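Numbered from 1 within each chain, the chains take letters A, B, ... in sequence-line order. Since we're looking at a predicted model, the values are computed, not measured.
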Amino acid sequence: MSMKILFMGTPDFALFSLRSLVEAGENVIGVVTQPDKPKGRGYTLTPPPVKVYAMEKEIPVYQPGTLRGEEFATLLSELAPDLIIVVAYGKILPANVLDYPKYGCINVHGSLLPAYRGAAPMQRAIMEGQPETGITTMMMDVGLDTGDMLLVGKVAIEENDNFETIHDKLGECGANTLLDTIKALREGTLTRTKQDDSLATYAAKIEKSDCLIDFTKSAMEVHNQIRGLSPIPLAFTYTPDGKMLKVPTTEVAKREGTLAPAGTVLSLAGGKIEVACGTGSIFVLSVLPEGKKRMAAADFINGRKIAVGDVLTAK
RNA sequence: CGCGGAGUAGAGCAGCCUGGUAGCUCGUCGGGCUCAUAACCCGGAGGUCAUGUGGUUCAAAUCCCAUCUCCGCAA
């Protein structure tokens with residue numbers, strides 16, 4: 001049975017799934033992705049990763065500004081997909097789209113639903129210190145990540161995993177879980193499980209305020225925040241001269257109790273910047289100073305930009 | 001023409017405003033010392049100060065002009 005699949009997705013995370021569909025020989029008849037957006041210095045118009053890949057594979061690409069209205073409805077009836085796969089597309093699908101395909105719309109979501117519904121499930125799970133996260137495939141409905149669950153894949157979050165490593169592991173896991181889901185659909189063995197709404201939690205989009213490091217929290221909480229935001233967009237603090245300092249990598253020091261006022265630099269031994277937290281301390285292993293490249297903490301120390309006793313603060 | 005920072009030894013930086021001997025922390029190489037350390041001491045190598053056979057000047061890393069490259073913010 002060859003189903004006509006329409007793929008909807010935008011960033012790198014979606015690319016894992018699209019690539020696996022293509023490589024598995026599925027009949028991907030088109031890709032819907034967000035319009036090119038101005039990015040970076042000088043506002044260069046940049047295509048989303050999914051578009052770049054689709055064009056390489058000569059799959060038709062569509063970038064509607066909206067899914068509501070005649071235009072997209074017409075396109076949909078021309079393409080006539082049997083199944084729509086949605087992975088981090090970035091827009092809400094209206095009811096007429098959800099209802100169109102014979103086999104419905106399947107979403108690949110980066111959490112163990114009903115936990116972490118919403119925009120930033122991977123980051124939030126790490127930031128909140130979860131020991132594991134995963135992928136849930138679901139039949140989409142009109143709610144935000146509220147549809148019936150299909151299959152689940154789990155991924156452990158190790159102490160030094162960060163957003164990048166979890167993103168890649170879940171991308172991989174998502175691709176595999178998606179293929180399993182389609183296989184089950186085809187074989188008629190797919191079962192739907194309702195979400196328990198009473199257990200639902202939301203993973204709100206990451207805001208600037210989420211990125212400000214709060215050293216009054218425990219060393220582990222600070223570490224979780226920093227790694228959940230690394231390498232994008234990165235957690236930050238301010239040095240005594242008022243310059244912003246982003247922190248890509250840290251590790252938790254094995255120390256207990258309150259060592260000094262939160263944010264105080266305790267030591268520069270071994271090329272690590274040890275910073276006091278509410279309880280315990282963390283080692284800052286690399287930094288990204290304002291206007292500079294990312295560098296090892298040892299280099300930052302060599303340039304004499306920080307000293308024992310300096311206090312890193314919210315400004 | 002979105003805003004801003006930066007290009008000086010292998011790395012991170014200072015020096016530039018107020019032109020006049022190329023400096024700091026580290027790494028590296030050689031030697032010494034210690035039971036030992038993120039060790040310590042002594043010595044050395046390594047730079048056409050991004051580019052222009054540009055301008056000003058007795059003299060330019062420093063002031064002026066142009067170009068290239070890298071980065072942060074914002075979106």
Distance check, C1' atoms only: rU69(B) and rA59(B), in whole angstrom units. 30 Å

Tyr62(A) six-ring face occupied by Lys51(A) cation (under 6.0 Å, within 45°): no

Nearest-angstrom distance from the residue atom CD of Glu290(A) to P of rC3(B): 17 Å

P spacing across the pair rU28(B) / rG4(B), given as an integer number of angstrom: 41 Å

How far, in whole Å, is rC33(B) from rA50(B) if one measures between their P atoms? 43 Å

Rounding to an integer number of angstrom, what distance separates rG46(B) and rU57(B) when you compare their P atoms? 36 Å

Whole angstroms only, please: what is the OH-P distance between Tyr43(A) and rG2(B)? 8 Å

Which nucleotide wins on minimum distance to the side chain of Met244(A), given the candidates rA75(B), rG72(B), rA11(B)? rG72(B)

side-chain hydrogen bond (donor to acceptor under 3.5 Å, both in side chains) with Thr137(A): which residues, sequence neighbours excluded? Thr181(A)

Work out how far the C1' atom of rC64(B) is from that of rG12(B), and round it to whole angstrom. 30 Å

Among residues 265-274 of chain A, which contact RNA chain B at a heavy-atom distance under 4.0 Å? Ala269(A), Gly270(A)

Closest non-hydrogen atoms of Arg294(A) and Pro248(A), given as atom of the first, atom of the second and distance, are CZ-CB, 3.7 Å

For rG2(B), give its Watson-Crick or G-U wobble partner with both distances under 3.5 Å, or none. rC73(B)

I need the minimum non-hydrogen distance between Ala175(A) and Phe16(A), along with the two atoms involved. CB-O, 3.5 Å

Scan every strand shown for a Watson-Crick or G-U wobble partner of rC40(B), both distances under 3.5 Å, and answer none if you come up empty. rG32(B)

Nucleotide rG12(B), atom P - distance to CZ of Arg294(A) in whole Å: 14 Å

What I'd like to find out is whether the side chain of Leu6(A) reaches to under 4.5 Å of the side chain of Ile85(A), using heavy atoms alone. no

When you check the side-chain N and O atoms of His223(A) and Asn160(A), is any donor under 3.5 Å from an acceptor? yes

Atom pair distance, as rounded to whole Å: NZ in Lys243(A) and P in rC13(B): 11 Å

With a 3.5 Å cut-off and no angle check, do the side chains of Ser286(A) and Thr249(A) form a donor-acceptor pair? yes

Quick check on RNA chain B: between Gly291(A) and Phe300(A), whose nearest nucleotide comes earlier from the 5' end? Phe300(A)

Quick check: do Leu21(A) and Ile182(A) have side-chain heavy atoms less than 4.5 Å from each other? yes

Partner nucleotide, any strand, of rG12(B) [Watson-Crick/G-U, under 3.5 Å]: rC24(B)

Base, sugar-phosphate or nothing for Lys208(A)? Non-hydrogen atoms, less than 4.0 Å. sugar-phosphate

For atom P, what is the distance between rC29(B) and rU34(B), given to the nearest Å? 22 Å

Between rA11(B) (P) and Met295(A) (CE): distance, integer Å: 12 Å

Ile301(A) CD1 to rC24(B) C1': how many Å, rounded? 16 Å

When you compare rU25(B) with rA36(B), how far apart are their P atoms, in angstrom units rounded to a whole number? 26 Å

When you compare the side chains of Gln130(A) and Arg124(A), does any donor N or O come within less than 3.5 Å of an acceptor on the partner? no

Would Leu67(A) and Tyr89(A) satisfy side chain to side chain contact (heavy atoms under 4.5 Å, CB included), going step by step from the backbone distance to the final call? CA-CA 12 Å; Leu67(A) 302 181; Tyr89(A) 171 57; 3.6 Å; yes

Does Arg227(A) count as lying over the ring of Phe163(A), i.e. NZ or CZ under 6.0 Å from the six-ring centre, within 45 degrees of the axis? no

Describe the nucleic acid contact of Arg41(A) in one word from base, sugar-phosphate, nothing, applying a heavy-atom distance below 4.0 Å. base

Given atom NZ of Lys292(A) and atom C1' of rA11(B), what is their separation to the nearest angstrom? 12 Å

Rounded to whole angstrom, note down the C1' distance from rU56(B) over to rA66(B). 15 Å

Specify the residues of residues 303-314 of chain A, ordered by number, for which at least one heavy atom lies under 4.0 angstrom from an atom of RNA chain B. Gly303(A), Arg304(A), Lys305(A)

Between rC71(B), rA75(B), rU25(B), which nucleotide gets closest to the side-chain atoms of Lys293(A)? rC71(B)

Integer-rounded Å distance: rU25(B) P and Asn302(A) CG: 10 Å

